[in-house]
Amino acid sequence: MPATEVLASNGALPTPLPLPTLNGHNSNSTSDRLQIINDQKQFTSSLNDQISAWSLHDVGFDYNLVAVFGSQSTGKSTLLNRLFGTNFDVMDETKRQQTTKGIWMCRGRDMNVLVMDVEGTDGRERGEDQDFERKSALFSLASSEVLIVNLWEHQVGLYQGANMGLLKTVFEVNLGLFGKKSQDSASQRTLLLFVIRDHIGTTPLANLQATLTADLNRIWDTLSKPAELQDRKLTDYFDLSFTALPHKILAADKFESDVRTLRGRFTDKSRDDFVFKSAYHKRIPADGVAFYMEGIWEQVQSNKDLDLPTQQELLAQFRCDEISAGALAEFNEQAKPQKRPIEAGNVAIGLGEMMRSWRSQALSRYDRDASRYHQGVYKRKRADLTGTLDSTLLPLFVGQLKNLHKVALVSFKAEVVAGLKVDGYNFADVVGKARAAAEARFSDGAREAVVTEGDAAWQWEEELRLLREEVRSVADILRKDETKKMINTIERNFKKQIAEPVDLQLSKPSPEMWDNVLRTYKGSLAKSEGSYLTKARSFDCTDEENDEALTTLRQRAWAALRAKVDEQTVDAAILTKLRAYFEEQFRYDEQGVPRVWKPDDDIDGAYKKAKDATLELIDLYAEIVPNDSELEYTPPEEGEDSNVPGLIVFSETKMIELGARFRREADAHYVEAKRSTVASIAQIPYWIYGVLVVLGWNEAMLVLFNPLYFTMLLLLAAGAWIIVQLNLAGPLMHVGGSIALEVKRQAETRMREHFSEPLRAQVKAAIEEEEENARPARRRVPEPL
């Protein structure tokens, strides 16, 4: 780096100091750090003196020790420098070569923390020499309180890339060397802090944490543990913690901010996530750290479990990997064409036979070429190859099961729908046959797709169980749909059955009107219920479903009856019925002959009788109440919260309104009848015209024998002749007729008014008296609860 970057004690990141540098670090910084183990695996003798130089020799237990572990060139030194203010060498980005060799130690800036920078793993400089990687990793794990595992986001989920193989070896040897000691001191643990670098956020940290935790638990379960530690778990020795940092260059500000936050976990003891807990401390005083760490390194150096494998095993590993890769490549070429159809949702015919053939060919090729090498390596690699083959085939198998499931379900629906279109079908039989065919189709396909019999990974019974549940669910839905259709059909037939009889009864009101309506309703409802129960037997419906369906049918039937009643009793219809009934009673006699009112007829009595009889019809229509108690009916679910209409047709307010409107129309008929009698009284007698002829005879003779009048008569006759010749007779006659008619109408009107004035006053007085005294008794309808 062009300048040293340090951190303040409060966790803030100060501006990098532009000091002169040498080989990437400060020229006066060599005394601030110490290489405790060099690249020749030699432990330094100066550690104790350096601890004194760092002023930590007399702090007792008031210090902490942290180390970093990870692949080469992943930014471990840069992370330590930013977290603890150390000055470890960092990589030159332009060369991408190893920077840290061996193990270096430095004191954290303004904190009692010993920080170890461990040489990165998988470096090209050491090549296949993994001995130092294993020993340095084991040393840092055994000696530090907190081990920072530094890795890139894209390494998560990888075995070698995430150093899982190395961790497995280190865990196994650490358990053998120090596990018994840790077991005796149950409070002594180590924190593994995973720092995931270049985290872009596409994969949530929680998912990365779950993947790493699962990988660690898996490799721990495969460790070769001592007999007395067989039941020990990873969490008995290590605590796991996870954090993520963004890209150092592409998100520099966010990187510095997150590093500052992470630093607080090492400096702020009040935080819940403070890393240096007492459980992690090795309980070694600071003046004994050098001797303690030197003893750990001697134990690590003398352990043979960390030695490299033999040349025979190396050759076997190389050749077996090569042979396995060739067999796997051929296998993948064979399996690749089948992936897309299955992913597209298609069922591959003969997939199981093909998969068994591919697997057998791959294993046969591996066995033929690899069986002559080291047997342990051969068997281990064969197991790995088998697992890889199965991991490729299992998605095809699972996809085949899903597709078989989908196809079986679709065929089940299609067969049921087709069966329901056949006349006289039995729903239970149709569903039963379709279900058996669907399950047989799925079972045959799933059984054929199994590659390894008896293996739990190739079981398909659970998918069959899910198919049965879906088939049952679909059958229930179809049954409900068919039941609804059947109820709708029965409802339509019921409406047709009651339409004409109810219209007929309501059009001719009588005391037995509601008896006949309810008798028709109950008879049609009984037929409808019987029709439903007959058809429901083939649907295999439960008693509860039948009760629910019958309740729905009764509600709809009553609603249909009420709709028909309401249709016949709307204002216009009921007033028409009242008007027709009144006219029949008032304008026709007992023999049905129209009445011509005469002055001596009892118009008042006939009017009152007809009006009272008609007003009684309002009470009759107001509520559905039969005369026969056996026909009384209670609407289904009648109540305050029910939508089903009750027995009340007209409210009390409505009855009053209808009565008032009817009386106005009846009064008009009464007045008209009275006027007809007045017209007959005011008619001009025919003998008057004879009197006018006799009295006007002299005047007529005067006109004929007077020269002047006679001349005028001739002129009128000449004018008439001219009019006739000019075809003006028609228009003049039309005009004259209109004038004559108007004169006649005006004359008759004046004469009628003259003769009928006294009689009209008498009729008006009678009507006012009738309206004042005639108040029909009205039955009060109880209000609904």
Side-chain angles (χ1 to χ4, degrees), residues 1-19 21 24-26 66-97 99-100 104 106 108-111 113 115-118 120-121 146-158 161-163 191-209 211-212 240-268 271 273-275:
M1 295 178 60
T4 303
E5 295 179 350
V6 295
L7 292 169
S9 59
N10 61 355
L13 284 168
T15 304
L17 301 175
L19 300 176
T21 60
H25 57 274
N26 296 340
V66 63
V68 68
F69 168 81
S71 302
Q72 179 178 307
S73 302
T74 56
K76 300 186 300 300
S77 302
T78 301
L79 178 63
L80 294 179
N81 290 341
R82 278 171 161 75
L83 287 176
F84 304 104
T86 55
N87 57 357
F88 295 116
D89 288 345
V90 296
M91 182 188 68
D92 186 354
E93 295 288 345
T94 63
K95 297 181 179 180
R96 303 295 298 180
Q97 63 184 14
T99 302
T100 303
W104 290 75
C106 189
R109 183 182 181 88
D110 298 329
M111 59 176 65
V113 178
V115 184
M116 288 194 299
D117 191 7
V118 183
T121 63
V146 178
L147 179 62
I148 299 175
V149 182
N150 190 71
L151 72 162
W152 303 113
E153 181 184 7
H154 64 264
Q155 291 177 310
V156 177
L158 302 178
N163 292 300
L191 174 65
L192 299 181
L193 175 58
F194 286 84
V195 179
I196 302 173
R197 303 290 295 276
D198 290 1
H199 181 243
I200 62 177
T202 302
T203 304
L205 177 60
N207 293 354
L208 300 174
Q209 174 179 338
T211 300
L212 289 171
L240 305 180
S241 183
F242 302 86
T243 189
L245 295 176
H247 199 283
K248 174 177 173 292
I249 298 176
L250 300 181
D253 293 340
K254 184 71 167 80
F255 176 82
E256 297 294 346
S257 174
D258 288 358
V259 169
R260 188 180 301 114
T261 302
L262 179 59
R263 172 181 167 83
R265 297 183 60 182
F266 294 88
T267 59
D268 189 359
R271 292 179 55 160
D273 56 355
F274 181 68
V275 297

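- Smallest separation of non-hydrogen atoms from G108 and T86: CA-CG2, 4.3 Å.
- Among V156, L245, L208, the one residue that satisfies the side-chain contact (heavy atoms from CB on, under 4.5 Å) test with H199 is L208.
- Residues R265 and T243 bring no donor and acceptor atom of their side chains to less than 3.5 Å of each other.
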Steps toward side chain to side chain contact (heavy atoms under 4.5 Å, CB included) verdict (F88, V115): CA-CA 10 Å; F88 295 116; V115 184; 3.8 Å; yes
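- Atom-to-atom distance recorded for M116:CE and I148:CD1 is 11.0 Å, nearest 0.5 angstrom.
- Annotation for S71 and Q155: closest pair OG-NE2, 3.5 Å, computed over non-hydrogen atoms.
- The side chain to side chain contact (heavy atoms under 4.5 Å, CB included) check on D253 picks up nothing, with sequence neighbours excluded.
- Residues forming a side chain to side chain contact (heavy atoms under 4.5 Å, CB included) with H247 (at least two apart in sequence, or on another chain): D198, I249, L250.
- When each of N150, T74, T78 is tested with R197 by the rule side-chain hydrogen bond (donor to acceptor under 3.5 Å, both in side chains), just one qualifies, namely N150.
- Considering every non-hydrogen atom in both A244 and L205, the closest pair reads CB-CD1, 4.0 Å.
- Evaluation of the side chain to side chain contact (heavy atoms under 4.5 Å, CB included) rule for Q209 yields T213, F242 as partners, not counting sequence neighbours.
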Just do the side chain to side chain contact (heavy atoms under 4.5 Å, CB included) check on F194 and L192 with the steps written out, would you? CA-CA 6 Å; F194 286 84; L192 299 181; 3.9 Å; yes
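- Distance CG/L151 to CD1/I196: 6.0 Å, rounded to 0.5 Å.
- Under the 4.5 Å side-chain criterion, counting only non-hydrogen atoms from C-beta, D117 is not in contact with C106.
- Not a single donor-acceptor pair under 3.5 Å links the side chain of S241 to the backbone N or O of L193.
- Nearest heavy atoms, V195 versus L262: CG2-CD2, 4.4 Å.
- Annotation: side chain of F266 is in contact with side chain of L83 (closest heavy-atom distance under 4.5 Å).
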